[in-house]
Amino acid sequence: MTAPLRIAVTGAAGQIGYSLLFRLAAGALGPRDVDLRLLEVTPALEKAEGVAMELVDGAFPQLAGLALTDDPRVAFDGADLALLVGARPRTAGMTRADLLSANGAIFTAQGRALNDAAGDAVRVLVTGNPANTNALITQQNAPDVPADRFSALTRLDHNRAVAQLAQKTGSPVRAITRLAIWGNHSATQYADLSHALVDGRPARDLVDRAWVEDDFLPTVANRGTAVIQARGSSSAASAASATIDAARDWLNGTGPHDWTSMAVVSDGSYGVPEGLVSSFPVTTSDGRWAIVPDLAIDGFSRSRIDASVAELAAEREAVRELGLIPR
Ligand code: NAD
Ligand code: LMR
């Protein structure tokens, strides 16, 4: 009998947690049973206890285990998958840079705990912002875990881009393939349509350049801010859904014909400096990802990718200065 998939979820009492946990319990990652390990800070444990009560009350057939703790080593013990959601969200007027110092310390401690306690097969997906640099901090503080086990969430950006292109072309979302998010999960990200297909036809033949540059790119890049302004708090259900999509595809595979976007530790591909956690188009299979090779990058794409990667390099420098990663 296959053991349940042990999933650690941080920020269990938060907005994203409230959506994410119920989908995990309901089997959104596949038919395997799940054992959920919820992590919260001590003051939020009572609220998380309420969430745990509701999980029990769901009587989910695939929910084989449930535990709640404020100790990262307990939460990560033997984990196959760690979904690092818990962090302070951006509020109106805050930049991601403001979050670096606020949230960085969380990820040094969690990196060390993952290093000591996680299972041999662990995959670590960081949703908490600034997600790319938090993933970098986590990875750098977990030197015994292979670097390809860390990813930051840019699937929400990918999904937003797919949805915008589907709406513009009057197509179902399932008709959109080969879209790519490059760089940082921030307003500098680059949603690349140059290889995208709509029902097998090049997207560039279906939309004009002015729409791409003046509408599509800014809409996707600033969607998080637009949701904060409209809702009064940051995106939660869509972020949980994207976290599920990313984890499911990582563990189960994208299939050979489509790509997704994941921020992963760069091997230097496409001129992205080694070691930065940057988003790339990837395919996945058997729990592994591979950057889509040999794509032609035109001048416009190059300058947009470079701008976002420069922001990631500056964030890495900032967290080095703060002593959150080794020099
Ligand atoms: P929230 O404030 O509702 O919940 C965050 C929870 O994390 C809180 O319950 C808090 O107590 C908990 N937490 C804080 N420090 C913790 C720690 N050290 N260990 C465990 N838990 C801890 O926030 P939210 O709306 O759920 O958002 C969570 C994070 O996700 C934010 O950083 C937000 O900006 C980010 N986010 C990322 C994306 C993305 O696409 N990458 C999208 C939306 C939101
Ligand atoms: C989002 O993209 O919705 C989140 O990262 C929230 C934010 O701060 O933009």
Side-chain angles (χ1 to χ4, degrees), residues 8-21 37-52 68-76 82-114 125-135 137-138 151-161 163 181 183-189 191 219-247 261-263 277 279:
V9 181
T10 75
Q15 288 197 93
I16 294 175
Y18 198 62
S19 179
L20 178 63
L21 289 165
R37 302 294 170 105
L38 281 43
L39 180 71
E40 255 302 346
V41 291
T42 313
L45 277 178
E46 191 180 348
K47 188 172 176 197
E49 187 61 53
V51 177
L68 170 61
T69 177
D70 58 1
D71 182 344
R73 278 182 173 69
V74 174
F76 297 147
L83 301 176
L84 306 189
V85 176
R88 182 179 159 187
R90 193 163 64 108
T91 44
M94 267 179 105
T95 65
R96 274 181 180 67
D98 296 331
L99 288 181
L100 274 178
S101 48
N103 286 333
I106 294 174
F107 294 89
T108 52
Q110 292 187 358
R112 287 185 206 124
L114 282 163
L125 173 58
V126 179
T127 296
N129 277 320
N132 300 53
T133 297
N134 288 339
I137 295 168
T138 312
S151 174
L153 188 75
T154 50
R155 181 60 177 263
L156 179 55
D157 311 293
H158 182 100
N159 287 350
R160 287 166 172 164
I181 304 292
N184 202 358
H185 171 66
S186 77
T188 67
Q189 66 176 268
T219 299
V220 174
N222 298 311
R223 191 69 160 182
T225 302
V227 171
I228 290 171
Q229 274 163 1
R231 229 172 73 81
S233 54
S234 76
S235 56
S238 58
S241 194
T243 302
I244 296 271
D245 289 345
S261 301
M262 287 172 74
V277 177
S279 189

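Just so it is clear, the model here is predicted, and its values are computed rather than measured. Every number for a ligand or one of its atoms is a count from 1 in the order of the listing.
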- State which residues pass side chain to side chain donor-acceptor pair (under 3.5 Å) with Thr138; sequence neighbours excluded, sorted by chain then number. none
- Of all the atoms in ligand 2, which lie at a distance below 4.0 Å from a heavy atom belonging to Ile228? 7 (C), 8 (O)
- Query: Quick one: does ligand 2 sit under 4.0 Å from the side chain of Arg160, the backbone, both or neither, non-hydrogen atoms only?
  - Reply: side chain
- Message: So for ligand 2, is Ser234 a polar contact partner (N or O within less than 3.5 Å, distance only)?
- Response: no
- Query: Looking only at heavy atoms, which two atoms of Arg37 and Ala75 are closest? And how far apart?
  - Reply: CB-O, 3.4 Å
- Let me know which of Leu153, Val9, Asn134 forms a side-chain contact (heavy atoms from CB on, under 4.5 Å) with Thr127. Leu153
- Message: Quick check on side-chain contact (heavy atoms from CB on, under 4.5 Å): which of Leu39, Leu38, Val126 does Thr10 satisfy it with?
- Response: Leu39
- Sequence neighbours left out, what passes salt bridge (Lys or Arg N to Asp or Glu O under 4.0 Å) with Arg223? Give chain and number order. none
- ligand 1: protein residues within heavy-atom distance under 4.0 Å: Gly11, Ala13, Gly14, Gln15, Ile16, Leu39, Glu40, Val41, Ala44, Val85, Gly86, Ala87, Arg88, Pro89, Arg90, Ile106, Gln110, Thr127, Gly128, Asn129, Leu153, Leu156, His185, Ser234, Ser235, Ala239
Side-chain donor-acceptor contacts of residues 103-110 below 3.5 Å, not counting sequence neighbours, with atom names and distances?
{"unit_1": "Asn103", "atom_1": "OD1", "unit_2": "Arg88", "atom_2": "N", "d": "3.0"}
{"unit_1": "Asn103", "atom_1": "ND2", "unit_2": "Arg88", "atom_2": "O", "d": "3.0"}
{"unit_1": "Asn103", "atom_1": "ND2", "unit_2": "Asn129", "atom_2": "O", "d": "2.8"}
{"unit_1": "Thr108", "atom_1": "OG1", "unit_2": "Ala105", "atom_2": "O", "d": "2.8"}

- Query: For ligand 2, which atoms have a heavy atom of His185 less than 4.0 angstrom away?
  - Reply: 1 (C), 2 (O), 4 (C), 5 (O)
- Close side-chain approach of Arg160 and Ser235, heavy atoms under 4.5 Å: yes
- Steps toward side-chain contact (heavy atoms from CB on, under 4.5 Å) verdict (Ser279, Gln189): CA-CA 9 Å; Ser279 189; Gln189 66 176 268; over 6 Å; no
- Would you mind running through ligand 2 and noting each atom that sits below 4.0 Å from a heavy atom of Ser235? 1 (C), 3 (O)
- Message: Could you walk me through whether Ile244 and Leu20 satisfy the side-chain contact (heavy atoms from CB on, under 4.5 Å) test, starting with their C-alpha distance in whole Å, then the side-chain angles of each, then the deciding distance to 0.1 Å, before giving a yes or no?
- Response: CA-CA 7 Å; Ile244 296 271; Leu20 178 63; 3.7 Å; yes
- Per-atom filter on ligand 2: closer than 4.0 angstrom to a heavy atom of Gly224 are 1 (C), 2 (O), 3 (O), 9 (O)
- Using a heavy-atom cut-off of under 4.0 Å, does the side chain or the backbone of Asn129 touch ligand 2, or both, or neither? side chain
